[in-house]
Number of protein chains: 2
Amino acid sequence: MLDVRRLRLLRELAHLGTIAAVAEALSFSPSAVSQQLSVLEKEAGVPLLERTGRRVTLTPAALGLVRHAEAVLALLEQAGAELAHTKRGLAGPLRIGTYPSAARAIIPGALAELAAWHPGLEPMVTEVDPAGVGAALRAGELDVALVHEYDLVPADPEPGLALTRPLFTEPMYLAGRAPGTIAEQRAAPWIMSPPGTLCHTMTVRACEAAGFAPRVRHQIDDFTTVLALVAAGQGVALVPHLGTDRQPPGVVLTRLPMYRRTRAAFRAGAGSHPAISAFVSALHTAVPPGLGGGS
Amino acid sequence: MLDVRRLRLLRELAHLGTIAAVAEALSFSPSAVSQQLSVLEKEAGVPLLERTGRRVTLTPAALGLVRHAEAVLALLEQAGAELAHTKRGLAGPLRIGTYPSAARAIIPGALAELAAWHPGLEPMVTEVDPAGVGAALRAGELDVALVHEYDLVPADPEPGLALTRPLFTEPMYLAGRAPGTIAEQRAAPWIMSPPGTLCHTMTVRACEAAGFAPRVRHQIDDFTTVLALVAAGQGVALVPHLGTDRQPPGVVLTRLPMYRRTRAAFRAGAGSHPAISAFVSALHTAVPPGLGGGS
DNA sequence: GCTTCTCGTAAGCTGAGCCGATGCTCGACG
DNA sequence: CGTCGAGCATCGGCTCAGCTTACGAGAAGC
């Protein structure tokens, strides 16, 4: 019988690509991961890893095993969720991940609602980098997280995770000192998030769709700061609706036919966990008016 | 995350009913099983076992958990089977369980066929009591087993196991010193298998269906011996076709409208294991003519 | 060239988990 | 009603699976 603990390591390896990263994610030493994968390989009787350069890659047999591992882990998650249903009162910690603007706009109201429904629940919110949300959920560091996707940045479905339908949909705005379209800002300096973030990619793609490559001047993640820079004449930027709540004088917002959608993500199989479904319900009630569920 | 090792103990407990039996089946001490189940109960956070009299019974929550455990274990079995597909040559032991008459009539031909197809395979045949086949398969002591069922003895589907369609179907005969029907043997002494066996139950039910309770004289499991006793005038008996290959003089067989069906059983999820499906194919080719697959 | 990053192996240690012994409770039986 | 056996839980002690730390080998980058 294959050991699920070891299958989990293999699954993480498939996602993270390196043994060191798996060890980091699951709080082990790299050596421990390497040893356990060796044992798994032995009890599988088939080569699973092969060294290519200074990394390892998974053989086709290993990839097949990962597929099964996903299913097994989702099933175990579901069993845990069903177990939680039989407990009387919902209690214990619920670790929530979120991106900054939702943390300010949505989370407080949702937590208040949640506390009214389930006083025993102890929600713990952490601001997390959207890129690391998947790994944090799979590693068990988070139970549920708010994630977003842009029209122009297709969110590749991560195996092992599940998403709700969009909780709300925000329009995007072009922020400048005068009304205008993206195409008209070909020559303007741009303010956008640091490279590697979803927002950065989204802004670059939007400019490319308008036929030019943006000239980047400032790289700032916080939309309040971004709008202050716009007001100071430092450039133009694309901001989602939730980033516009503190709009400084002098900034003009032009609504664009682009949208950002926010969903809740959790480990596959955990969607039926009462704490998570309660939190999702609380989010629904806390969505500000005007940002309907969206498609 | 729930531990699959412990879930397996809970599953066995659901089937076997007592911690001592689980320990026996999995080669542990009862104390180890008790300890592991306690840990499982703690990490589930919900009562799973309650003592009733001097045994334990499973709570509804535990039964739900068992259902999930079945699914997880089947999935793991399937993963192992798929892994075996990627190996080049089929090799290693294949532990086969069988009831006695099939062992004599079917198994030798099937093994010869199997050896021709896969020389690396090492089949190991064990005669096992049909009542214990399920436990032996689940405990991993057997990989595949031949089991049979009678018309009058419905085989309740055991969770965690899977059955093939019937490999062959034998007619049943009334063995006596003259032709006759069951109803005509109301007053005759009967020879049947020891109580607790399927054959015993089958004979009793057949007599009850004919309107009487059989007077039991001898309790013998081996059909060759049974027929010898019939020839010696010691009574009448019901025997399946495979039990009639060595028919002593003086015995008259009357064919009855009753049948015994033989199937292969294995752990759920293992049906796609190449060694098991090869063995089932070999069985099909080794079925004696005249005993078509049947329904 | 050297540095850095990664994986694998060896050696040693710690704790999870096993066994055996003991005690308790419940049911069967005379 | 007393005795006995079956079954489960708990305690103490031990063993080994599996972790960490330390080290070495090979590949990429400067």
Side-chain angles (χ1 to χ4, degrees), chain A residues 1-59 61-63 65-66 69 76 135 139-140, chain B residues 1-59 61-63 65-66 69 76 135 139-141 196:
Chain A
M1 180 77 39
L2 295 160
D3 181 2
V4 176
R5 206 171 139 60
R6 300 192 175 109
L7 286 178
R8 194 157 100 103
L9 294 180
L10 189 67
R11 196 244 332 222
E12 292 303 317
L13 181 59
H15 286 294
L16 300 173
T18 133
I19 291 184
V22 175
E24 167 74 17
L26 301 185
S27 311
F28 284 131
S29 70
S31 150
V33 177
S34 176
Q35 289 174 50
Q36 289 304 307
L37 287 175
S38 296
V39 175
L40 179 62
E41 198 159 20
K42 201 182 306 171
E43 70 186 17
V46 170
L48 297 176
L49 279 68
E50 49 191 12
R51 296 205 51 162
T52 59
R54 58 183 173 188
R55 338 185 42 149
V56 289
T57 51
L58 278 67
T59 63
L63 291 174
L65 216 47
V66 168
L76 285 173
Chain B
M1 181 77 40
L2 294 161
D3 182 2
V4 176
R5 208 172 139 58
R6 300 192 175 109
L7 286 178
R8 195 159 100 102
L9 294 181
L10 189 66
R11 196 240 340 218
E12 291 303 317
L13 182 59
H15 285 295
L16 299 174
T18 128
I19 290 184
V22 174
E24 167 73 17
L26 301 185
S27 309
F28 284 130
S29 70
S31 133
V33 176
S34 175
Q35 288 174 51
Q36 290 304 306
L37 288 175
S38 295
V39 175
L40 178 63
E41 197 159 21
K42 202 181 307 172
E43 71 187 16
V46 171
L48 297 176
L49 304 177
E50 49 190 14
R51 296 205 51 161
T52 58
R54 56 184 173 187
R55 334 185 49 151
V56 289
T57 51
L58 279 67
T59 64
L63 291 175
L65 217 47
V66 168
L76 285 173
E141 292 165 9

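When reading the values below, keep in mind they use all heavy atoms of this one structure, side chains included, and skip hydrogens, waters and symmetry mates. Proteins come first, then strands; the chains are lettered A, B, ... in the order of their sequence lines, and each starts at number 1.
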Is Gln35(A) touching bases, backbone alone, or none of the nucleic acid, heavy atoms closer than 4.0 Å? base
Rounded to whole angstrom units, what separation is found between the CD atom of Glu24(A) and the P atom of dT20(D)? 12 Å
Please report the distance, rounded to the nearest Å, between NZ in Lys42(A) and C1' in dG18(D). 13 Å
Taking all non-hydrogen atoms of both residues into account, name the closest pair between Ala61(A) and Leu48(A) and its distance. C-CD2, 4.4 Å
Please report the distance, rounded to the nearest Å, between CG in Leu26(B) and C1' in dC19(C). 16 Å
Find the distance Ile19(A):CD1 to dT9(C):P and express it as a whole number of Å. 10 Å
At 4.0 Å (heavy atoms only), tell me whether Val56(A) reaches a base, stays on the sugar-phosphate, or touches nothing. sugar-phosphate
Gap between atom CD of Glu41(A) and atom CG of Leu65(A) - 0.5 Å precision: 11.0 Å
Report the distance from atom CD of Gln36(A) to atom C1' of dT9(C), rounded to the nearest whole Å. 15 Å
Below 4.0 Å: OP1/OP2 of dC7(C) and any side-chain N or O of Thr18(A): yes
Can you name the closest pair of heavy atoms from Met1(B) and Glu43(B) and give their distance? O-OE2, 4.5 Å
If the cut-off is 4.0 Å, is Arg54(A) near the phosphate of dT4(C), judged by side-chain N/O to OP1 or OP2? no
To the nearest angstrom, the CG-C1' distance between Leu37(B) and dG17(C) comes to 13 Å
Between Leu9(A) (CG) and dC7(C) (P), how many Å, whole number? 13 Å
Let me know the distance between CZ of Arg55(A) and P of dC5(C), rounded to the nearest Å. 13 Å
Any N/O donor-acceptor pair, Ser31(B) side-chain to dG20(C) base, under 3.5 Å: yes
Can you see if the side chain of Arg51(A) gets near the phosphate of dA25(D) - specifically, an N or O under 4.0 Å from OP1 or OP2? no
So do the side chains of Leu7(B) and Leu76(A) get within less than 4.5 Å of each other, counting heavy atoms only? yes
Residue pair Phe28(A)/Gly17(B) against DNA chain D: nearer the 5' end by closest nucleotide is Gly17(B)
Surrounding CD of Glu24(A) (heavy atoms of other residues, nucleotides or ligands, distance under 6.0 Å), is the total greater than 12? no
Mark yes or no for a side-chain to base donor-acceptor pair under 3.5 Å between Ser34(B) and dT10(D), with no hydrogen or angle criteria applied. no
Under 4.0 Å, heavy atoms only, any strand: does Ala32(A) hit a base, just the sugar-phosphate, or nothing? base
Selection from dC8(D), dG8(C), dC19(D) that lies nearest to any side-chain heavy atom of Arg5(A): dC19(D)
